[in-house]
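Take a look at the structure set out below.
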Amino acid sequence: MQKITFVTGKGGVGKSVVAASLALRKAQQGKSVLLVELGDQSFYADFFNLPNVGYDPINLRENIDLSLWSGATCLREYALHLIKVESLMKLFFENKIMRTFINIAPALPELAIVGKITSGHRQVGPPMHYDEIIVDTYATGHFLALLRAPRGMAEAIKFGPMGDQTRKIQAVLLNPEYTSIELVTLPEELPIVEAQELNEQITKEFGFMPRLWINKCFGKSLAAGLKNQCADVSLEKWKRYLETRTQLEKVASERVGSPTANYIPLIAKINSWEIIEEMAQQMGSV
Ligand SMILES: Nc1ncnc2c1ncn2[C@@H]1O[C@H](COP(=O)(O)OP(=O)(O)O)[C@@H](O)[C@H]1O
Ligand SMILES: [Mg+2]
């Protein structure tokens with residue numbers, strides 16, 4: 001049973017590194033993993049110094065492949081699939097459907113992406129023989145648009161193969177047995193507020209709760225060490241910052257409204273793989 005994991009959170013909180021670390025954790029457990037990033041630009045290409053990250057998977061490391069999927073590339077594959085299901089002529093030239101299409105068109109790239117993500121489950125399109133699909137998704141608002149895309153389309157198109165397909169996509173996407181959401185935040189005011197809103201929205205609209213990750217934590221020992229250093233140079237502001245931040249670490253999960261808190265420490269490494277390896281280790285038995 002293929003698992004689909006979405007990683008989301010505010011911009012810059014560590015979504016991409018958390019997604020890569022989750023991928024490594026699963027790979028170390030012997031699972032075959034497809035790590036997917038969404039958009040036109042690859043973050044991992046720079047981060048891991050890779051020459052060509054694109055639609056077709058490349059091997060990143062033992063048990064991990066990497067793909068970059070954009071709305072346009074997924075749409076192309078989806079259109080090809082539609083032609084096979086029903087003549088494109090009929091679909092596009094029936095007036096009523098055409099109108100509906102135009103009305104819901106803004107969600108089309110998102111629909112194509114979630115269509116691709118769930119294609120393994122639905123057994124359509126090119127085979128995706130992975131145990132785990134880990135998706136480094138968008139920040140808050142765009143992420144909600146991604147989850148909402150099939151519902152909007154299914155409501156707009158009640159009949160025909162396209163309506164059926166969107167309902168199937170929806171069924172996989174919103175089944176907590178297949179899908180999970182990892183919500184990343186920092187122990188800082190703005191990311192916490194944004195995470196709280198997103199957590200509430202996802203729970204209300206889709207009926208399942210994300211798992212919360214509080215990233216770049218100082219923890220007690222690091223904070224104490226830094227505080228001692230600060231005492232020497234009496235940097236009052238820095239001391240207050242440390243106190244606020246470590247306090248926020250403690251209350252973050254409660255403020256977000258999450259029943260559990262998963263902490264990831266601030267990792268003092270420069271090398272990309274060293275960061276990911278240490279982070280994966282700190283994640284324990286996820
Ligand atoms: N726990 C951590 N320790 C050290 N550096 C981190 C940690 N989490 C994230 N980073 C660094 O912070 C930056 C932002 O992380 P990134 O995953 O790109 O965020 P996002 O994908 O949410 O925009 C990256 O340079 C990453 O290496
Ligand atoms: Mg990112």
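Only a predicted model underlies this, so the values are computations on that prediction, with no experimental measurement involved.
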Non-hydrogen atoms of E37 and A45 that approach each other most closely
OE2-N, 4.5 Å
From the list N262, I264, I267, side chain to side chain contact (heavy atoms under 4.5 Å, CB included) partner of N215 resolves to I264
Between atom CD1 of I133 and atom OG1 of T118, what is the distance when rounded to the nearest 0.5 Å?
9.0 Å
With a 4.5 Å heavy-atom cut-off, do S70 and Y55 have their side chains touching?
no
Check E132 with K3, please: is the shortest side-chain N to carboxylate O separation under 4.0 Å?
no
Assigning hydrophobic clusters by single linkage (Ile, Leu, Val, Met, Phe, Trp, Tyr; side-chain heavy-atom cutoff under 4.5 Å), is I202 placed with V193?
no
Taking R255 first and then E189, would you say they form a salt bridge - that is, a charged N and a carboxylate O separated by under 4.0 Å?
yes
Taking all non-hydrogen atoms of both residues into account, name the closest pair between P210 and T203 and its distance.
CD-OG1, 4.2 Å
Which atom pair, heavy atoms only, marks the closest approach of S16 to D136?
OG-OD2, 2.7 Å
Examine the side chains of R167 and Q170 and answer whether a donor and an acceptor come within less than 3.5 Å of each other.
no
Quick check: do L35 and Y130 have side-chain heavy atoms less than 4.5 Å from each other?
no
Does this structure show an ion pair linking E277 with K269, if we count only N-O contacts that are shorter than 4.0 Å?
no
Would one find more than 12 heavy atoms of other residues, nucleotides or ligands at under 6.0 Å from atom NZ of K31?
yes
